[in-house]
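See below for the structure under consideration.
Please read these numbers as outputs of a predicted model, since none were measured by experiment. What you see below is based on every heavy atom in this structure, not just the backbone, and it leaves out hydrogens, waters and symmetry mates. Within every chain, numbering begins at 1; the chains are lettered A, B, ... in the order of the sequence lines, protein sequences first and strands thereafter.
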Amino acid sequence: MKTPAATGSATTLWYEKPAVAMVLVVVLLGIVWALASWRLDFSSFPGPWQALQALPALILDPSALWAISLSLGRMFIGYAWALVFAIPLGLAMGRSRWVHEFFNPLVSLVYPMPKAALMPILMLWFGLGSFSKILVIAMGVSLPMLYHSCLGASRIESKLVWTAQAMGMGPVARLFRIVLPAALPEILIGCRVGVVMALIVMVSSEMIARQEGVGNLLFTSMDMAQYPSVYAVILILALMGVVLDWLFEKARRYLTRWSESAGGTILR
Amino acid sequence: MKNTASTLAATAPAARSSAIPATFALYAKRAFSPVLVLLVWELVCRMGWVEAQLLPAPSAIIARLFEIAAGSEFWQNFGITLYRLVVSLFIAVIVGVALGLVAQLSRFSAAMLDAFVRLVAPIPKIALYPALILILGFENSSKITLIVADAMFPVLMATWSAARSVDQKLIWSARAAGTSRAACLWKVTLPAIVPTVLAGVRVSGVIACVVVFLAEMIASTDGLGHMLTMAARAYKTVDMFVPLIWICAVGLALNSLIGFVQRKLDHEG
Amino acid sequence: MICIEQLGKTFRTARGTSHTAIQDISLEVPEGQFVSILGPSGCGKSTLLYMVGGFEQATAGQISVNGRVVQGPGPDRGPVFQEYALFPWKTVLGNVAYGLREQGVPKAQAEERAMQWLEKVKLANYAGFYPRELSGGMRQRAAIARTLAYEPKILLMDEPFGALDAHTRLTLQAELLSLWEQLKNTVLFVTHSVDEAVYLSDRVVVLTGTPGRVREIVPIDLPRPRVRAELLRNTAYQEYVIQLERLLVDGAHA
Amino acid sequence: MICIEQLGKTFRTARGTSHTAIQDISLEVPEGQFVSILGPSGCGKSTLLYMVGGFEQATAGQISVNGRVVQGPGPDRGPVFQEYALFPWKTVLGNVAYGLREQGVPKAQAEERAMQWLEKVKLANYAGFYPRELSGGMRQRAAIARTLAYEPKILLMDEPFGALDAHTRLTLQAELLSLWEQLKNTVLFVTHSVDEAVYLSDRVVVLTGTPGRVREIVPIDLPRPRVRAELLRNTAYQEYVIQLERLLVDGAHA
Amino acid sequence: DIPELRVGWTIPAEEAKYLMMKRPELFPDLGKKYTIKWTQFQGTSPMIQAMRANVLDCSTMAPMSLAQGAIESGLKAYIVAQHVYEKKGYFTVYWAVKEDSPIKSAADLKGKVLGTNAYGSGVYFNLVLWLKQNGLDPEKDVKIVETGFPPMADAIRSGRIDLGTMVQPFALLSQEKGGLRELASQAAVQTPQVQIFEGCSQDYTNKNPEVVRAYIKDLQSAMAKVQADHDLAVTVDSEVTRAPKELLGKYVMTNKDFARDDNMQPNLDSIQTSWDLYYKAGFLSKPLKISDFVRKDVIAPVK
Ligand SMILES: Nc1ncnc2c1ncn2[C@@H]1O[C@H](COP(=O)(O)OP(=O)(O)OP(=O)(O)O)[C@@H](O)[C@H]1O
Ligand SMILES: Nc1ncnc2c1ncn2[C@@H]1O[C@H](COP(=O)(O)OP(=O)(O)OP(=O)(O)O)[C@@H](O)[C@H]1O
Ligand SMILES: [Mg+2]
Ligand SMILES: [Mg+2]
């Protein structure tokens, strides 16, 4: 009953509707942008309107769409790899002291390492194909997933596991039927952070090792002095981030609708 | 194992001292897996299974690490990275805490900030970097702005969630004892949220390490990231590993520093 | 003297509907009396107490304390909560001295007086500890000392012993009773436990469930000082318990 | 028949020191008996119960159930915890049917039998709800139904009503008693409440504080079926309460 | 089985390759005698890395990147064809200052901030050489910062740097906007000067000389086609770089652009001169001989 909105009267005001607030903020940011661009008067810093005008040309251009879908495709594959490897490892770390003691020092060592910075090295090892990029995305996404899976698994109420044991459930079944669902809310938090991470790593790895993709679109536009296109690509990337995050949050809420914190806020 | 640790802390709280042999054993345990990985790596290189051009041996990297550290140029690069890191983390914490508290002021500010966070937090801000270079130039200001833009969100979100879940009864207790409503903000709310905010700062620290390095790689003027770019351009594989090791060390040090402060200030256990 | 007149409280819920927690409660508590409030969960006991404390606003009726209408919190009414609500970043001594410092007492003097209170609640040896280092019972002792330290006329206690185990609870009940017998504050005491209400109070107010109204006010005519073991053998005590348990169970279904 | 012989449990703490929670406890519980375990906080009541359940390993002595030494958990011993420990991702029905499904009962049949149990604990209307949508009392009812559903011979209850308010607690106590009078399982019941122990049990085992040992075993000779209002007026009942409260307070200081 | 050639490319100034990528039907041998797997790169130096890692067979190179790749990582490559170079009458990379700047000659640069695109690039080394020629110590007397080309003009105008390096299309755009003045150009350092050329791995070339020859032949014919048909050149360039044709039309393959030769014959003497200059200035740790990078029968022009 202590809802987050427990302060003051609880009816929703007009500006508290998410869509309205979003539009307000977008307009506000747009105005700030327009003013800044007008004030600075750099040829390299067009206003929002010019960026929007450059948008259709990008979206209607098959080669640009192809670049975007290539990037997205690599991102999803990298993300899927991380799901497959990081979550089981994280759960194992959360449940077994040995696994934890072995992997935790390694994980905390590589945690602050900028994954995209490995691109030049990975390219030496794995060549130019998508593999290095997928790998670097998977690595970037893995860490939050690993961390949250481990946290989720280690925080499971031991009585849940005991209850299942008392019913006669074996250890493997317990891992999948008790530990996994019980840790799911926490795992999904890691997965949500992972979505944003995937985008960041995708863009920065393409900036560092430029090949077909959104990051390259951005820099090619810059190298050819197509500044409105630069900002149009940035808009596309921003939109991708917002939409993916929003979709993921929907999915997360649906999957954990049984959980106490399902109705939680954006705060992760 | 975290469960047992927390029950222990709750049941037997007073004793805090730890025996020295136990600490040593702890460090030995923590070092085990990294050392193992290094040994295997070294072995692979010594056996000549990979070309040194592609994967240099750890011993070679460490030797090079010291060699580079002997020059003053390295310390300039290291210093500038550290400077950017510290300054931007500082700004990120101030801005994050301030915005997080502003959200508490009114329902309007809360709604706006909520939308702002939903909208801006998931944007890969590194994509804005080219724009920042165009606007702010190539030196500290664009890099620091980028780091702040990325690193402030964990602090902001931690402050926000902590501030609005401060136990109402703490505030009531202070109010009943005669503290004014405004004074409660810094006498109760602020100390109450410190532990959560520090947890946010910890995440921000990691993000700042990552972003400063990437920014230095992409607009490569100086710093550790620049060292990597230069090494890559000159095809010196060994030299590419050196800045990476340093940034990991910086991240680790930052993390344990914040962890230390966190433990000092967190009286809730 | 607390005077509650036709008090009502209606909450606006997040769904936009409204929910009446308390309706038309009138009650007078003379100075120095120990009054317990008993009622099923969710009947508005805490809400009533918070309104007397000035933490929440009534939506109908009014409360006055010694003739002055309650507008907000004040040091004449000291709250003690079930969850202790100690400041986790202050030591036990710092917590107890807090109210005095807020009243403008100089630091040295505030700490001296705080120590006296800590002795009274048997925590003198734990002055430098942080709340998390204490057991539940000790935390509640510290919370009581923190409130008593700034000498409020009225104590507002919301299930202060609800989270304690039986043994600690018994001890603290006895300690509270002996403290109160020295100080003679007015006490408004919310509890779930019939037993506890009868043991401690001069009068027990039984509330009915949603919305909370006064079902009955039962004066407890038992001699003081009260000794628990004797009380348990006392037929009058047993009858009070039986009567209140019945009122409670019926009240919940009313 | 549960047979506990010279049981001991020593924990190794994180600091490397060792801590004896339980020492030299011997106890026999005949089939169908309701035995309560009472003791100060931290005396090892839960630990004792967990060892009987097979969740924790004894470090001395042994436990046998019907002549077989306990090696691990098994469906002959069903636990009910204070924190309910319902599977939050399953509906009430799913929770109750879970144990049956694990025993290999086909889905339709398991759900049918689960529904019967839900009716017995008055939750038939809440079959499709998730645990978080229920009140504390309802959650505990569901947890009891879940355990009873797979028909363990022995029920291990660890302060099952500790987190409930007085009224709900009274109701659930009565319900548990009437269920038990039909089923006649063996029950090992950990509680903090003297009152509750006397009301429910055939025998009460009082433990002393750290390390936990048996201080006294008190047989409760009160007629069944027991009705609470009558019991409260019963002098024998009062004397049991007084005796146990004294044992408890002394035991804590022992 | 048709042999495959793995080729790296970059933006800008490789019109011959762009035409082969976008109009493969114009090249009868392509797809019959050999196929090409195109991979885009950020610049010549990652391409050298890729060559070294043996994931590319041919790529665009600059004199400096090939030299360093050869010395530092042991890359073995042949120079096979030349893309663009600087010569009188065509565009040369130049250094610009603000119109009203008091800087009138290199000597005035003492204590100033100079902008380059990337440390270690050919453009950067030319700047350093030029400073040295004019008696300035690039380490002590000036501060060289890396800005990249795009913000260069704005950085000069806003005073963030005192001198910037101008290339196309930024040079053209800044001339249109006005406010900048050319101080000197790379011609002061060396002329003619090779900008970029095509290089192929020696291993691959020695194994498949026919394939590389066919590739060079197609490059030559592509170069001839874009030289002959300005509109085609601009169209293809626009398809690759996504820049509008109006902008490209103003300079691509005109005398406002770098110079190109139809036969793509590498100017080996110029490259050797560059290497010698770099070695003397201390940029290279060893002297290099151009003859180690040439196979006489596999070099443009191929008949
Ligand atoms: N901020 C609020 N917004 C909406 N409803 C509230 C709020 N606070 C309390 N209520 C409602 O008011 C009623 C009374 O709550 P209150 O906490 O006073 O009950 P209580 O008698 O103290 O219960 P308990 O014995 O469980 O502590 C409940 O139905 C509760 O749901
Ligand atoms: N995993 C553990 N590691 C170390 N010590 C433990 C562990 N679990 C319990 N203990 C200790 O064993 C003792 C008995 O604990 P237990 O939980 O059985 O007490 P209890 O009688 O159930 O207490 P309560 O009434 O508070 O539930 C306590 O002192 C506790 O600190
Ligand atoms: Mg309450
Ligand atoms: Mg227990």
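- A distance of 4.0 Å separates OG in Ser33(B) from CG in Leu106(A), rounded to the nearest 0.5 Å.
- In terms of non-hydrogen atom pairs under 4.5 Å with chain A, the most contact-rich of Phe32(B), Phe116(B), Phe241(B), Phe108(B) is Phe108(B).
- Atom CD1 of residue Ile234(A) and atom NZ of residue Lys125(B) lie 12.5 Å apart, to the nearest 0.5 angstrom.
- Counting heavy-atom pairs under 4.5 Å between each of Leu36(B), Thr237(B), Val212(B), Leu55(B) and chain A puts Leu55(B) at the top.
- Leu28(A) does not touch chain B: none of its heavy atoms, backbone or side chain, sits under 4.5 Å away.
- Contacts between Phe102(A) and chain B at a heavy-atom distance below 4.5 Å involve backbone atoms as well as side-chain atoms.
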Verdict with reasoning, Ile123(B) to Leu237(A), per side chain to side chain contact (heavy atoms under 4.5 Å, CB included): CA-CA 7 Å; Ile123(B) 294 178; Leu237(A) 280 167; over 6 Å; no

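- Both the backbone and the side chain of Met113(A) have a heavy atom closer than 4.5 Å to some heavy atom of chain B.
- Residues Val250(B) and Pro112(A) are not in side-chain contact: their nearest non-hydrogen atoms beyond the backbone lie 4.5 Å or more apart.
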- request: Could you give me the CA-CA distance, side-chain angles and deciding distance for Met112(B) and Val25(A), then say whether side chain to side chain contact (heavy atoms under 4.5 Å, CB included) is met?
  value: CA-CA 7 Å; Met112(B) 286 305 103; Val25(A) 168; 4.1 Å; yes

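- With rounding to the nearest 0.5 Å, the separation of CE in Met202(A) from CD1 in Ile126(B) is 12.0 Å.
- Dense packing is recorded around CZ of Phe45(A), with more than 12 heavy atoms of other residues, nucleotides or ligands lying under 6.0 Å away.
- The residue among Ser108(A), Ala21(A), Ser37(A), Ala116(A) with the most heavy atom pairs within less than 4.5 Å of chain B is Ala21(A).
- Closest approach of Val242(A) to Pro122(B), counting heavy atoms only: CA-CG, 4.1 Å.
- Side chains of Ile121(A) and Leu244(B) form a contact here, defined as non-hydrogen atoms less than 4.5 Å apart.
- In this structure, the portion of Leu218(A) lying under 4.5 Å from any heavy atom of chain B is its side chain and not its backbone.
- Contact tally against chain A (heavy-atom pairs below 4.5 Å) for Asp150(B), Val120(B), Val210(B), Asn255(B): the top residue is Val210(B).
- For the set Leu228(B), Leu119(B), Val37(B), the count of heavy-atom pairs under 4.5 angstrom toward chain A peaks at Leu119(B).
- Per-residue counts of heavy-atom pairs under 4.5 Å with chain B were compared for Val20(A), Val26(A), Val110(A); the largest is that of Val26(A).
- For the atom pair Asp245(A) CG and Arg118(B) CZ, the distance stands at 9.0 Å (nearest 0.5 Å).
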